[in-house]
Amino acid sequence: MTEQLGVGIIGCGNISAAYMRLAPMYKSIKVLACADLNPAASAARAAEFGLRDLTIDELLAADDIDIVVNLTIPAAHFEVSKRILEAGKHSYSEKPFVLSVDEGKKLAEIARARNLYVGSAPDTFLGGAHQLARHLIDQGEIGKVIAGSCHVMSHGMEDWHPNPDFFFQPGGGPVLDLAPYYITNLVNIIGPVKRVAALASKGSDTRTIGSGDRKGEQVPVDTPTNIHALLEFENGATITMSNSWDVWAHRHANMELYGAEGSLFVPDPNFFGGEVEMAKSDGEIKPVEMWAHPFAKPNEDENANYRTVGLADMADAIIKGRDYRCSLNLALHVVDVMLGVLRSGEIGQFVAMTTTCERPEALSPEAAKALMA
């Protein structure tokens with residue numbers, strides 16, 4: 001039986017280095033080749049990581065490539081993933097998975113017809129801290145989750161990103177760019193969302209690039225950058241979610257969950273690790289001892305960075321014929337929630353979800369160790 005699947009990467013921008021650098025931690029995947037519309041970009045990454053530098057057509061035709069990772073810009077995700085599936089390869093995409101529910105359903109149809117897997121980031125919810133938070137809730141430590149809040153707010157990335165244009169266009173914005181981490185983790189911990197409501201605005205019509213060759217150039221803002229939402233989950237929990245690139249500073253915690261018997265404080269879902277805290281009925285907030293989960297251990301600059309574990313879990317699932325955690329159904333439901341939030345911000349009404357999903361299977365310390373090389 002095959003024990004390792006060959007991986008090719010389309011899109012050699014900033015995030016590609018993380019996939020190429022971290023993939024060797026997992027026994028089920030081996031990155032073999034890369035491609036990009038910009039030949040210089042793929043050539044540079046291939047040289048940096050010892051990969052084959054291919055054209056996109058060559059990569060899609062390569063016999064030793066089983067899974068293709070789609071790291072293109074969000075607006076291209078659907079078309080590139082569709083090409084991957086039509087080439088007979090399994091597809092794994094960066095977030096956001098797609099930019100419409102219909103696109104996701106079309107990919108699902110193609111995948112079913114060809115018996116292929118489709119997965120998508122984010123996979124940070126598989127981190128040791130977030131799996132611990134889920135474990136505590138599953139064990140009933142704070143009782144039924146009634147409410148909560150999460151905040152992901154800053155002043156955007158035009159200060160440091162040399163080409164921030166797409167962040168401020170349709171398909172970008174703080175909801176589609178950053179909320180996938182938060183919503184995916186909430187679905188992991190609580191379950192699927194029933195309906196949403198939101199208020200949305202933008203702080204300015206332009207942003208000024210603060211670094212690189214284009215420093216001082218202004219880029220237009222054509223998507224909301226300040227969105228405050230209310231999420232009602234199928235189990236009755238209600239969570240407020242603030243996403244903004246119009247905030248210079250704040251004191252809000254990343255994620256707090258309020259249960260019938262206590263409160264849980266969850267670290268930033270954009271990362272795998274961090275400190276989980278909990279308060280019981282006495283109201284005293286105390287750190288929870290981190291369990292022996294391999295994806296909680298710092299491994300890069302004192303951070304726990306295990307990106308590509310979702311890809312590795314999908315590869316392991318393909319090899320063993322089991323379900324996988326960063327699934328199409330999960331990713332599509334998260335897209336449904338995000339688009340519902342943006343739609344509600346436009347029309348000023350609640351928006352019901354058109355999709356649902358099961359909570360992904362928990363990733364225990366033992367299951368996580370089994371994925372590692």
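Worth saying up front: this structure is predicted, and the values here are computed from it rather than measured. The first residue in the sequence is number 1, and the count goes up from there.
Side chain of Asp336 to main chain of Thr354: a donor-acceptor pair is present (N/O by atom type, distance under 3.5 Å, no hydrogens or angles). Proximity of a side-chain donor or acceptor of Ser344 to a complementary backbone N or O of Val341 within less than 3.5 Å is not detected. The backbone N or O of Asn305 lies less than 3.5 Å from a partner atom in the side chain of Asn299, making a donor-acceptor pair. Under the 3.5 Å distance criterion, the side-chain polar atoms of Asp53 are left unmatched by any main-chain donor or acceptor of Ala46. Listed for the His130 side chain is a donor-acceptor partner under 3.5 Å among the backbone atoms of Phe271. Distance alone, capped at 3.5 Å, places no donor-acceptor pair between the Thr124 side chain and the Asn270 backbone. Checking side-chain atoms of Gln131 against main-chain N and O of Phe125 turns up a donor-acceptor pair under 3.5 Å. Distance alone, capped at 3.5 Å, places no donor-acceptor pair between the His293 side chain and the Ala368 backbone. Using modelled atom types, no side-chain atom of Lys286 and backbone atom of Glu277 make a donor-acceptor pair closer than 3.5 Å. A side-chain donor-acceptor contact under 3.5 Å links Ser211 to the backbone of Trp160.
Pairing each heavy atom of Gly11 with each of Leu71, the nearest pair is O-CB, 3.6 Å. The two atoms that bring Tyr306 and Asp123 nearest to each other are O-OD2, 4.3 Å, heavy atoms only.
A salt bridge does not link Arg52 with Glu58: every distance from a Lys NZ or Arg NE/NH1/NH2 to an Asp or Glu carboxylate oxygen is 4.0 Å or more. Salt bridge status for Arg83 with Asp57: present, with a side-chain N to carboxylate O gap under 4.0 Å. Salt bridge status for Arg322 with Asp313: present, with a side-chain N to carboxylate O gap under 4.0 Å. With salt bridges taken as basic N to acidic carboxylate O contacts below 4.0 Å, one links Glu346 and Arg343.
Taking CD1 of Ile67 as the reference point, atom NZ of Lys89 lies at 11.0 Å (rounded to 0.5 Å). In this structure, Glu86 CD and Leu116 CG are separated by 11.0 Å, a value rounded to the nearest 0.5 Å. The CZ atom of Arg112 sits 11.0 Å away from atom CG of Leu107, with the distance rounded to the nearest 0.5 Å. For the atom pair CD1 of Ile239 and CD of Glu232, the computed distance is 11.0 Å after rounding to the nearest 0.5 Å. The CD1 atom of Ile189 sits 9.0 Å away from atom CZ of Arg359, with the distance rounded to the nearest 0.5 Å. A distance of 8.5 Å separates CD1 in Ile29 from CD in Gln4, rounded to the nearest 0.5 Å.
Ring-plane geometry between His161 and Phe167 is classed as perpendicular, the angle between the planes exceeding 60 degrees on a 0 to 90 degree scale with a lower cut at 30. In this structure, Phe295 and Phe272 have perpendicular ring planes: the angle between them is above 60°, well past the 30° mark.
No more than 12 heavy atoms of other residues, nucleotides or ligands lie within 6.0 Å of NZ in Lys82, so this atom counts as exposed by the packing criterion.
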*Kindly determine whether Thr72 and His77 satisfy side chain to side chain contact (heavy atoms under 4.5 Å, CB included), including the steps that lead there.*
CA-CA 6 Å; Thr72 59; His77 280 185; 3.4 Å; yes
*Is there a side chain to side chain contact (heavy atoms under 4.5 Å, CB included) between Leu230 and Thr240 once you walk through the steps?*
CA-CA 5 Å; Leu230 179 65; Thr240 58; 4.0 Å; yes
_Assess the residue pair Glu361 and Asp323 against the criterion (side chain to side chain contact (heavy atoms under 4.5 Å, CB included)); give the C-alpha distance rounded to whole Å, side-chain angles, the decisive distance to 0.1 Å, and a yes or no._
CA-CA 8 Å; Glu361 183 181 354; Asp323 290 336; 5.7 Å; no
*asked:* Walk me through whether Ser81 and Val98 qualify under side chain to side chain contact (heavy atoms under 4.5 Å, CB included).
replied: CA-CA 9 Å; Ser81 293; Val98 286; 6.0 Å; no
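Exactly one residue among Val7, Ile65, Asp66 makes a side chain to side chain contact (heavy atoms under 4.5 Å, CB included) with Leu32. That residue is Ile65.
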